Amino acid sequence: MSSRTTGSVTVTLDGTNRSASLPLLSGSLGPSVVDIRKLYNELGIFTYDPGYGATASCESRITYIDGDAGVLLYRGYPIEQLAEQSDFIEVAYLLMYGELPTKAQLAEFERGVTLHTMVHEQIRRFYDGFRRDAHPMAVMCGVVGAMSAFYHDSLDINDPEQRRIAAFRLVAKVPTIAAWAYKYALGQPFMYPRNDLKYAENFLYMLNAVPAEEYRVNPVLARAMDRILVLHADHEQNASTSTVRLAGSTGANPYACIAAGIAALWGPAHGGANEAVLKMLSEIGHPKNIPAFIEKVKDRNSNVKLMGFGHRVYKNFDPRAKIMQRTCHEVLAELGIKDEPLLDLAMELERIALSDDYFISRKLYPNVDFYSGIILKAMGIPTSMFTVIFAVARTVGWVSQWKEMIEDPSQRIGRPRQVYSGPTQRDYVPLGNRG
Ligand code: ACO
């Protein structure tokens with residue numbers, strides 16, 4: 001890794017003459033960090049940072065976010081340029097290997113991914129164990145985790161070739177697994193992947209086609225799906241990525257680690273937010289109900305959040321949200337949806353929230369999920385699949401971050417500390433002696 005020591009920070013324990021000089025490390029962009037690793041040895045104290053909002057857990061060369069400036073870079077390239085000029089498969093190569101591919105490299109990579117899209121036939125039977133009304137994210141956690149039971153030749157994390165194959169398999173097979181989770185819930189036959197289709201096209205085909213008739217993928221919708229995949233492909237050390245890294249730090253196999261990431265993504269504060277946006281919009285029902293809803297959101301005791309607003313890192317605007325908003329209009333125009341009540345409601349909610357001091361003072365802006373839910377709904381994809389699509393996109397980010405961690409010589413098992421505030425040591429009282 002390549003961060004440099006550019007200074008030091010001295011920590012002094014007030015009221016004592018004890019202090020520690022800690023190195024200040026600088027990367028290529030972003031704030032410097034204090035290396036606190038020797039703090040406990042020198043002063044006998046830990047640091048306290050619930051939610052890790054002020055803690056860099058690793059050094060990474062993959063994704064950079066400047067939350068105040070609304071900047072998101074994959075390997076240095078702005079998300080806006082990648083969303084407009086590139087596509088998911090090229091972005092996947094970039095995230096995994098660090099550089100944009102040549103034509104030949106891209107063709108070989110795309111072919112490699114395409115040739116891995118089928119899953120072991122016995123995995124089909126695995127689905128039968130789930131209830132038909134299971135949430136597709138539950139199926140995703142189970143089936144992706146179960147890949148470790150099927151692909152024994154790519155479980156040795158110390159073998160670079162096995163790591164490479166596992167990464168390929170995950171990126172290639174996750175759309176198939178996701179589409180089958182959907183088909184299983186519908187009770188429709190599973191559609192096998194088609195090697196003549198591009199990544200996003202093939203995903204839409206497996207989601208929407210049925211064997212009884214020909215299905216042509218709409219190019220505008222394929223482009224929109226591709227863009228959703230690009231925008232969600234990585235986002236540095238977010239909750240699910242940190243979960244993948246933490247699970248991977250124990251030496252767990254990559255399929256198990258990605259299943260852990262899927263579980264973390266499922267929550268409504270993270271990947272479940274686009275599903276929650278749609279639920280919120282249908283609960284509000286009509287623009288006339290917005291003011292009352294906003295009042296509820298502002299009431300501290302109500303515990304109601306404006307879903308699709310706010311972000312742990314972006315405190316100005318989410319650059320992905322701007323691109324999503326444009327794509328949203330393209331999709332609605334293509335589908336001939338002029339008066340989509342949910343979109344009208346979303347736009348009105350956005351307008352009111354952006355002019356309300358509660359949201360302005362807290363720097364709460366629409367995030368990517370505010371619009372992606374509306375696009376997916378317009379495309380006919382049910383809300384329960386929204387987070388699954390996010391998981392399909394993020395798999396390449398998880399895999400890239402997992403590989404980077406395994407290949408980092410400074411990597412150790414992730415093991416946070418705590419402030420213990422429970423009972424101090426006390427003696428066991430036999431049952432008969434307890435009052
Ligand atoms: N609606 C209403 N108030 C909010 C919202 C919201 N969506 N988000 C934050 N706030 C308020 C908080 O209550 C807090 O108010 P206070 O200062 O009066 O206590 C203040 O804004 C600061 O918020 P934090 O909770 O400190 O923000 P944090 O960084 O911890 O949370 C989070 C970020 C979880 C994303 C939050 O904004 C949220 O729950 N948003 C809604 C869910 C959502 O859209 N998640 C998607 C995230 S993007 C992604 O995963 C792709």
Side-chain angles (χ1 to χ4, degrees), residues 49-55 63 65-68 70 72 74 79 83 137 227-244 261-281 283-284 290-325 327-328 346 349-350 352-376 383 386-398 401:
D49 182 19
Y52 313 116
T55 298
T63 293
I65 302 173
D66 181 335
D68 292 324
L72 168 60
Y74 291 166
I79 192 66
M137 280 300 274
R227 203 167 273 170
I228 289 174
L229 299 179
V230 167
L231 295 181
H232 288 86
D234 196 47
H235 214 225
E236 53 117 308
Q237 308 312 319
N238 56 83
S240 57
T241 302
S242 298
T243 302
V244 170
I262 292 171
L265 187 74
W266 193 356
H270 190 8
N274 50 13
E275 186 175 342
V277 168
L278 261 285
K279 262 193 206 133
M280 173 191 75
L281 291 176
E283 271 162 32
I284 297 173
I290 293 177
F293 178 75
I294 295 276
E295 283 317 304
K296 225 191 296 170
V297 166
K298 286 156 62 171
D299 175 4
R300 276 178 166 273
N301 302 319
S302 76
N303 225 1
V304 175
K305 285 236 155 82
L306 181 49
M307 300 313 286
F309 263 66
H311 197 276
R312 169 56 61 85
V313 178
Y314 295 117
K315 299 298 180 194
N316 187 341
F317 67 92
D318 179 342
R320 303 166 303 170
K322 286 195 168 173
I323 303 165
M324 265 306 160
Q325 189 190 32
T327 308
C328 186
L349 193 58
E350 181 197 27
I352 293 177
L354 289 179
S355 56
D356 188 305
D357 190 55
Y358 175 93
F359 298 94
I360 296 170
S361 63
R362 288 170 177 77
K363 300 187 170 185
L364 299 170
Y365 296 88
N367 58 49
V368 64
D369 289 325
F370 190 72
Y371 301 103
S372 64
I374 298 164
I375 298 179
L376 292 172
T383 45
F386 290 3
T387 317
V388 174
I389 287 163
F390 192 161
V392 168
R394 186 55 58 85
T395 295
V396 69
W398 290 329
Q401 300 267 356

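Heads up: numbering here begins at 1 and tracks the sequence. Whatever order the structure lists ligands and atoms in, that order sets their numbers, starting from 1. These numbers come from the heavy atoms of this one structure, side chains and all, not from hydrogens, waters or symmetry mates. Computed from a predicted structure; not experimentally measured.
Judged purely by distance below 3.5 Å, without hydrogens or angles, the side chains of Trp398 and Ser240 pair a donor atom with an acceptor atom. Side-chain atoms of Gln401 and Glu236 form no donor-acceptor pair, as typed in the model, at a separation below 3.5 Å.
For Lys296, the NZ atom counts as loosely surrounded, since its 6.0 Å shell holds 12 or fewer non-hydrogen atoms of other residues, nucleotides or ligands. Around atom OH of Tyr358, more than 12 heavy atoms belonging to other residues, nucleotides or ligands sit under 6.0 Å away.
Listed by atom number, the atoms of ligand 1 under 4.0 Å from Ala269 heavy atoms are 45 (N), 46 (C), 47 (C). Ligand 1 places these atoms under 4.0 Å from at least one heavy atom of His311: 33 (C), 35 (C), 37 (O), 48 (S). Of all atoms in ligand 1, listed by their number and element, those nearer than 4.0 Å to a heavy atom of Arg362 are 11 (C), 15 (O), 16 (P), 17 (O), 18 (O), 20 (C), 21 (O). Of all atoms in ligand 1, listed by their number and element, those nearer than 4.0 Å to a heavy atom of Ala273 are 43 (C), 44 (O), 45 (N), 46 (C).
Counting protein heavy atoms only, atom 1 (N) of ligand 1 is closest to Leu306 N, 3.0 Å. With respect to atom 42 (C) of ligand 1, the closest heavy atom belonging to the protein is Met307 CE, 3.4 Å. At the shortest separation from atom 51 (C) of ligand 1 among protein heavy atoms lies Asp369 OD2, 3.3 Å. Of the protein's non-hydrogen atoms, Tyr358 OH, 3.9 Å is the one closest to atom 13 (O) of ligand 1. The protein heavy atom nearest to atom 41 (C) of ligand 1 is Phe309 O, 3.4 Å.
There is a protein heavy atom closer than 4.0 angstrom to atom 44 (O) of ligand 1. Distance remark: protein heavy atom present below 4.0 angstrom from atom 4 (C) of ligand 1. Checking atom 25 (O) of ligand 1 against the protein gives no heavy-atom contact under 4.0 Å. Atom 29 (O) of ligand 1 is approached by the protein to below 4.0 angstrom, counting heavy atoms only. In this structure, atom 32 (C) of ligand 1 has no protein heavy-atom contact shorter than 4.0 Å. There is a protein heavy atom less than 4.0 angstrom from atom 15 (O) of ligand 1.
Side-chain contact check for Ile262 versus Val388: every heavy-atom pair is 4.5 Å or farther apart. No side-chain heavy atom of Thr327 sits less than 4.5 Å from a side-chain heavy atom of Ser372.
Considering backbone and side-chain atoms alike, Val297 places every N or O at 3.5 Å or more from each N or O of ligand 1. Any N or O atom pair closer than 3.5 Å counts here, and Gly308 shares at least one such pair with ligand 1. When only interatomic distances are considered, the shortest N/O to N/O separation between Phe390 and ligand 1 does not fall below 3.5 Å.
At a threshold of 4.0 Å, the pair Lys363-Asp68 does not count as salt-bridged, since none of the basic side-chain nitrogens sits closer than that to a carboxylate oxygen.
With atom 19 (O) of ligand 1 as the reference point, the heavy atom nearest to it among Lys305, Arg300, His235 is part of Arg300. For atom 10 (N) of ligand 1, the candidate residues are Asn238, Val304, Leu364; the nearest heavy-atom contact is made by Leu364.
Residues meeting the side-chain hydrogen bond (donor to acceptor under 3.5 Å, both in side chains) test with His235, sequence neighbours left out: Tyr314. For Asp49, the side-chain hydrogen bond (donor to acceptor under 3.5 Å, both in side chains) partners at least two apart in sequence or on another chain are Thr55.
Using a 4.0 Å cut-off between heavy atoms, His270 contacts ligand 1 through both its backbone and its side chain. The part of Asn367 lying near ligand 1 is the side chain, judged by heavy-atom distances below 4.0 Å.
For the ligand labelled ligand 1, residue Lys315 lies inside the 4.0 Å heavy-atom shell.
Interatomic distance, NZ of Lys322 versus OH of Tyr365, reported as 10.5 Å (0.5 Å rounding). Going from atom CG of Leu278 over to atom OG1 of Thr383 covers 6.0 Å, rounded to the nearest 0.5 Å. The distance from the OG1 atom of Thr395 to the CG atom of Asp234 is 11.0 Å, given to the nearest 0.5 Å.
Figure legend: Arg394 and Phe390 shown without cation-pi pairing, the cationic atom not lying both under 6.0 angstrom from the six-membered ring centre and within 45 degrees of its axis.
In terms of modelled atom types and a separation under 3.5 Å, the side chain of Thr387 and the main chain of Gly271 share a donor-acceptor contact.
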